There are 2 protein chains.
Amino acid sequence: MTKDRIKQEALILFVHKGYEGTSVAEIAKQANIRASTIYAHFESKEQLFLSLFDDVVNEKLKDLAELKNRVENKGIKELLQTILHNHLEEIEHHRDQAVFYKRNAIFPPENLKDKTQAILIFYEERYSQLLRPAFAQGVKEGILRNDPIEKLQTAFYCFADGLYVLSHYYDLSTYKKAVHDTWELFWESIRNKQG
Amino acid sequence: MTKDRIKQEALILFVHKGYEGTSVAEIAKQANIRASTIYAHFESKEQLFLSLFDDVVNEKLKDLAELKNRVENKGIKELLQTILHNHLEEIEHHRDQAVFYKRNAIFPPENLKDKTQAILIFYEERYSQLLRPAFAQGVKEGILRNDPIEKLQTAFYCFADGLYVLSHYYDLSTYKKAVHDTWELFWESIRNKQG
DNA sequence: CCTACCGATCGGTAGG
DNA sequence: CCTACCGATCGGTAGG
């Protein structure tokens, strides 16, 4: 379908050149159609972008829910490691989607800030809700430090976001090593040493 | 001086709207001059941007060197805490410079990628060199875990970059708390527990 | 999905 | 530091 083709090429261009740095004509060229055809499928460049952002966010929530089911009841360490593993897979095989999300979560197009922010708040709340029970159980079982759950979750977000930034600086194999090394230290910091 | 005024306004606009999202005319308007006047001071929009990027990077290196002198010989913990404190001050009082750096380090304008990358490599090498002795001493004195220095430094970069990303999501007071909390856990992960 | 088209704006130059 | 200007491209529309 042409609509999907447009989305596919638009996402790649938005990742590499940014929203403002990508013209509708360029997207059309990559999709082998005329620029005007894009307006048969999308109201505007803005709507095309927002449709992509929405897709990516929903995909991420679906992935997390599925992943959570897969490791059901195996404990917080397994869950976090699986998220990290998934994260690595994403960067290795679906780099563009991963970068599209982060780039526009942190630096959205100026005119669309309000709309991306709204989607983002919805996303982050869901994400937190999905993880909270596992963290709570980890603390209860004495696997994690006896700290407020928000503190532990914030630390995990900080760690995961930091890794994401590092993925922009390092090549893949250096990055994999960095993930392995920093995970070891991070886990050390949140686990319960009395246990 | 008009040249400085142009730089000042350009930086702010590049932060909020991105390089491609900011027009030369817009910069001129904010600086209260005509667009053509910008070309009396800069060869091109590209050169204006690169001059800003260079400035910001040099400023950061100068800050780190100065800060290092200030805490000379007080040990790795004090040094890292001071860097973090400095980081918070930067976000509180020089937000635009801080964001300009990170935004363009991670997502540079497509056409200028090579040039920003070259500046960046220079910067990160210097930064690492400045920190390495303090990490080495920390390990030697048994204050830090007996791990490879690169591993400990990478963990610190991951932590610092993660905090940077969080600063985009949280308001200042929530952010300050997050810095405090995550630092506590991070330090726990790299210190030597035998000591 | 295309041709043909539009007003607005883009980065940049000439010449003073 | 300005006026006057330029070719190219922008996002988008009409009409088929």
Side-chain angles (χ1 to χ4, degrees), chain A residues 1-56 100 103-104 107-116 119, chain B residues 1-56 100 103-104 107-116 119:
Chain A
M1 221 184 127
T2 302
K3 189 167 183 173
D4 292 327
R5 183 73 197 283
I6 293 168
K7 279 186 167 188
Q8 198 187 114
E9 302 296 342
L11 185 134
I12 294 170
L13 285 165
F14 287 154
V15 163
H16 289 103
K17 310 186 140 199
Y19 176 77
E20 289 93 349
T22 301
S23 69
V24 173
E26 224 172 338
I27 296 167
K29 195 180 174 187
Q30 291 298 318
N32 265 312
I33 51 172
R34 303 291 146 193
S36 61
T37 304
I38 291 189
Y39 295 91
H41 298 279
F42 299 93
E43 248 183 45
S44 60
K45 190 186 173 189
E46 294 194 355
Q47 286 304 318
L48 165 55
F49 174 88
L50 288 170
S51 129
L52 286 172
F53 195 72
D54 211 61
D55 283 359
V56 167
F100 180 85
R103 173 169 193 154
N104 295 300
F107 307 112
E110 173 75 354
N111 319 328
L112 303 174
K113 228 170 201 170
D114 293 349
K115 274 149 186 164
T116 56
I119 295 173
Chain B
M1 223 184 122
T2 303
K3 188 167 184 174
D4 292 328
R5 184 71 198 283
I6 294 168
K7 279 185 165 187
Q8 197 186 116
E9 300 297 341
L11 186 134
I12 293 170
L13 285 165
F14 286 155
V15 163
H16 290 103
K17 308 185 139 197
Y19 175 77
E20 290 92 351
T22 301
S23 69
V24 172
E26 224 172 338
I27 297 167
K29 194 178 174 187
Q30 291 298 318
N32 265 310
I33 51 172
R34 303 291 145 192
S36 61
T37 302
I38 290 187
Y39 294 91
H41 297 279
F42 299 93
E43 246 183 46
S44 61
K45 188 188 176 189
E46 294 194 355
Q47 285 304 318
L48 165 56
F49 174 88
L50 289 171
S51 128
L52 286 172
F53 195 71
D54 213 60
D55 283 0
V56 167
F100 179 85
R103 174 169 191 153
N104 295 297
F107 306 112
E110 172 74 354
N111 318 330
L112 303 175
K113 229 170 200 170
D114 294 347
K115 275 149 186 165
T116 57
I119 296 173

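Any value given below was found using the heavy atoms of this structure, including those in side chains, with hydrogens, waters and symmetry copies removed. We name chains A, B, ... by the order of the sequence lines, and we start the count at 1 in each one. Everything numeric here is computed off the predicted structure, so don't read it as measured data.
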task: Round to the nearest Å and state the distance from A:R34 atom CZ to C:dT3 atom P.
output: 5 Å
message: Can you confirm whether B:L11 sits close enough to B:V56 that some side-chain heavy atom of one is under 4.5 Å from a side-chain heavy atom of the other?
response: yes
Atom-pair distance (CD on A:E26; P on D:dC10), nearest Å: 7 Å
- request: Report the distance from atom NE2 of A:H41 to atom C1' of C:dC2, rounded to the nearest whole Å.
  value: 12 Å
- prompt: Which class fits the ring pair A:F49 and A:F100: parallel under 30°, tilted 30 to 60°, perpendicular over 60°?
  reply: tilted
- prompt: Using purine N1 to pyrimidine N3 plus N6-O4 or O6-N4 for Watson-Crick, or N1-O2 and O6-N3 for G-U wobble, each under 3.5 Å, what pairs with C:dT3?
  reply: D:dA14
message: Using modelled atom types and a 3.5 Å cut-off, is there a donor and acceptor pairing between side-chain atoms of B:K3 and backbone atoms of B:F42?
response: no
field: Test: A:K115 and A:E46 ion pair at under 4.0 Å
entry: no
- prompt: What does C:dA8 pair with, Watson-Crick or G-U, if both distances are under 3.5 Å?
  reply: D:dT9
message: Tell me the closest heavy-atom pair linking A:A25 and A:A35, and the distance in Å.
response: CA-CB, 4.0 Å
- request: Report the distance from atom CD1 of A:I27 to atom P of D:dT9, rounded to the nearest whole Å.
  value: 17 Å
task: Let me have a per-nucleotide readout for nucleotides 11-16 of chain D, 5' to 3', with B, S or -, counting only protein heavy atoms under 4.0 Å.
output: SBB---
task: Please report the closest heavy-atom contact between A:T22 and A:L13, naming both atoms and the distance.
output: OG1-O, 3.2 Å
